[in-house]
Student: 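Okay, here's the structure, questions in a sec.
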Amino acid sequence: MNLSVQIFLSLVLSVVVGLLLGDGAVGPVKTWIAPIGSMFISLIKMMIVPVVFCSLVVGMTSMGDMKKLGRIGIKTLCIYLITTAIAIAIGFAVAGVFQPGIGMALPTAAAPKVKEAPTIMQVFLNMIPSNPIASMAKADILPIIIFALFVGAGIISLGGKKADILINFFDASAEVCYRIIGMIMKIAPIGVFCLLMPVVVQNGPKVLLPLISVILCMAVGSVIHAVCIYSSIAGIAAHMSPLTFFRGMSEAMAIAFTTCSSAGTLPVNMKNVQTKLGVRRDIASFVLPLGATINMDGTALYMGICSLFIANVYGIPLTMDQMMMIILTGTLASIGTAGVPGGGLIMLAMVLQSVGLPMEGLALVAGIDRVLDMFRTCLNITGDAAVAVAINATEAEKE
Ligand code: ASP
């Protein structure tokens, strides 16, 4: 039985068992089951620092010779960043309309203290790591991201054999991180069961409906982003009709939907954009791997929806500052997200942390994460292809 089916089953099982046990079992469930769920969350959190650092350095160095790739690189990065930020905003808008999580009314005892969110200027100030090791020890992600970008730039400017050693090292390290995440995901069915069952025992059937609304938000948000943003990018830059674009992408989208891995979908995506969308090989082989590493619009959309959902669940109103902060950290977090199943869930922890939203909210999202992952991975790889089509067209005009 494959992992996604197992996770689905454990999700269903946790709800059934939780409902059968009822709130009479709260004590033993809290003592014996909930800690196993927490262990799963800790395992995921264990990977935040190594995966962010290694995959970002690899992402940076995969740009290679900065001068040669400068023009295409800047164009690609700009579109990637803008579409990612738009995705989070769409996430807020959709979640604002559907209001997932409202009325879930978790008991106040479950709502942990909320840290005061820093202002935007404090965030910029705190982004610069005065001591990167201290930032890593504290799992302070923003400074780690900045440090990783510097390390990547340093390796590129070093060049030659010495740089190759480091590139190989970080490449292999990132690969090891993905492997470990894969191992952790293997116990996800147990983790999900132990996370969700205590919630159901404590809260009964009323937790279900808001979770369905999160899935609905994700589906609606993905369709809006794909149809409005990607169709416009391909249409305006390459005069490509949405039908041609999405038909050309259908194979890769299906693979992404089922594998939940941008990295795993990359070979199919490379083939699709060249053979079906007419993108030049040199452009596809630069834009797509870079996109699979750093461009995750689906993940960003998910950050927007889930943070609003978790704020709703715990009855914490988000301020404008906090929303801006989520757009900023969400954009950066999606860049650092590994293109592997469940990569975004790890990064969601970081976004929640940045605005002081309760980490316990992750437990609710983790239960349905696989379903959400299908939508976000699909959007992630479609975004890479849309940008490849656009860059291909603008480069063709130049030559
Ligand atoms: N699974 C996603 C991807 O591979 C990453 C994520 O979990 O958000 O693109």
Side-chain angles (χ1 to χ4, degrees), residues 2-4 7 40-41 43-45 47-48 51-52 54-56 58-59 80 83-84 87-88 91 141 174-175 177-182 184-186 188 191-192 214-215 217-219 221-222 225-226 230 249 252-270 287-307 309 326 329-352 362 365-387:
N2 76 17
L3 191 63
S4 34
I7 295 176
F40 176 62
I41 289 271
L43 280 176
I44 292 179
K45 282 167 69 181
M47 295 313 295
I48 294 182
V51 87
V52 168
C54 298
S55 63
L56 260 173
V58 173
Y80 279 167
T83 52
T84 302
I88 305 184
I141 301 296
E175 202 59 50
C177 290
Y178 298 156
R179 294 286 168 117
I180 297 174
I181 293 171
I184 297 170
M185 288 307 287
K186 285 216 172 82
V192 162
V214 176
I215 297 171
C217 282
M218 197 61 207
S222 302
H225 193 73
Y230 299 155
M249 282 303 295
M253 285 168 89
I255 302 285
F257 200 77
T258 46
T259 61
C260 288
S261 168
S262 299
T265 313
L266 189 57
V268 186
N269 208 9
M270 298 272 280
V287 175
L288 292 184
L290 184 65
T293 319
I294 67 164
N295 183 44
M296 309 255 171
D297 293 356
T299 306
L301 180 83
Y302 156 90
M303 306 277 184
I305 291 172
C306 290
S307 41
F309 163 68
I326 291 172
T329 49
T331 302
L332 294 171
S334 71
I335 293 172
T337 299
V340 296
L345 182 65
I346 301 168
M347 293 303 179
L348 180 62
M350 157 192 159
V351 174
L352 296 182
L362 276 183
V365 178
I368 48 163
D369 196 63
R370 190 68 188 199
V371 189
L372 303 178
D373 205 352
M374 293 173 156
F375 290 103
R376 59 180 196 253
T377 308
C378 199
L379 201 61
N380 286 346
I381 62 108
T382 311
D384 303 339
V387 175

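Order of listing sets the numbers, starting from 1, for every ligand and every atom in it.
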Student: Would you say Leu345 and ligand 1 have an N/O pair spaced under 3.5 Å apart?
Tutor: no
Student: Please write down residue, atom name and distance for the protein heavy atom closest to atom 7 (O) of ligand 1.
Tutor: Gly344 N, 2.6 Å
Student: In ligand 1, which numbered atoms sit nearer than 4.0 Å to a non-hydrogen atom of Asn380?
Tutor: 2 (C), 3 (C), 9 (O)
Student: Which atoms from ligand 1 have a heavy atom of Gly342 less than 4.0 Å away?
Tutor: 7 (O)
Student: Among all protein heavy atoms, pick out the one at the shortest distance from atom 3 (C) of ligand 1; state its residue, atom name and that distance to 0.1 Å.
Tutor: Ser262 OG, 3.2 Å
Student: Quick one: look at Met296 and ligand 1, take heavy-atom pairs under 4.0 Å, and tell me if it's side chain, backbone, both or neither.
Tutor: side chain
Student: Quick one, Val365 and Val214 - any side-chain contact, counting heavy atoms below 4.5 Å?
Tutor: no
Student: State the atoms of ligand 1, each with its element, that fall below the 4.0 Å cut-off from a heavy-atom position in Thr299.
Tutor: 5 (C), 6 (C), 8 (O)
Student: Thr329 versus Met347: any side-chain heavy-atom pair under 4.5 Å?
Tutor: no
Student: Which distance, rounded to the nearest 0.5 Å, do you find between the SG of Cys260 and the CG of Asp369?
Tutor: 8.5 Å
Student: Does Thr337 approach ligand 1 within less than 4.0 angstrom via side chain, backbone, both or neither, non-hydrogen atoms only?
Tutor: side chain
Student: Considering heavy atoms of the protein only, find what lies nearest to atom 2 (C) of ligand 1 and give residue, atom and distance to 0.1 Å.
Tutor: Thr377 OG1, 3.2 Å
Student: Which is it for Cys260 and ligand 1 at heavy atoms under 4.0 Å: side chain, backbone, both or neither?
Tutor: backbone
Student: Between Leu372, Leu379, Asp373, Thr337, which is the residue that forms a side chain to side chain contact (heavy atoms under 4.5 Å, CB included) with Tyr302?
Tutor: Leu372
Student: When you measure from the side chain of Thr377 to the backbone of Met374, do you find a donor-acceptor pair of N or O atoms at a distance under 3.5 Å?
Tutor: no
Student: Indicate yes or no for a side-chain donor-acceptor contact from Thr84 to the backbone of Asp297 under 3.5 Å, with no hydrogens or angles considered.
Tutor: no
Student: Is a side-chain donor or acceptor of Asn380 paired with a backbone partner of Thr299 at a separation under 3.5 angstrom?
Tutor: yes
Student: Within ligand 1, which atoms have a heavy atom of Gly339 less than 4.0 Å away?
Tutor: 3 (C), 4 (O)
Student: Which pair of heavy atoms, one from Thr382 and one from Cys378, lies closest together, and at what distance?
Tutor: OG1-O, 2.5 Å
Student: Nearest protein heavy atom to atom 1 (N) of ligand 1, by residue and atom, and its distance?
Tutor: Asp373 OD1, 2.7 Å
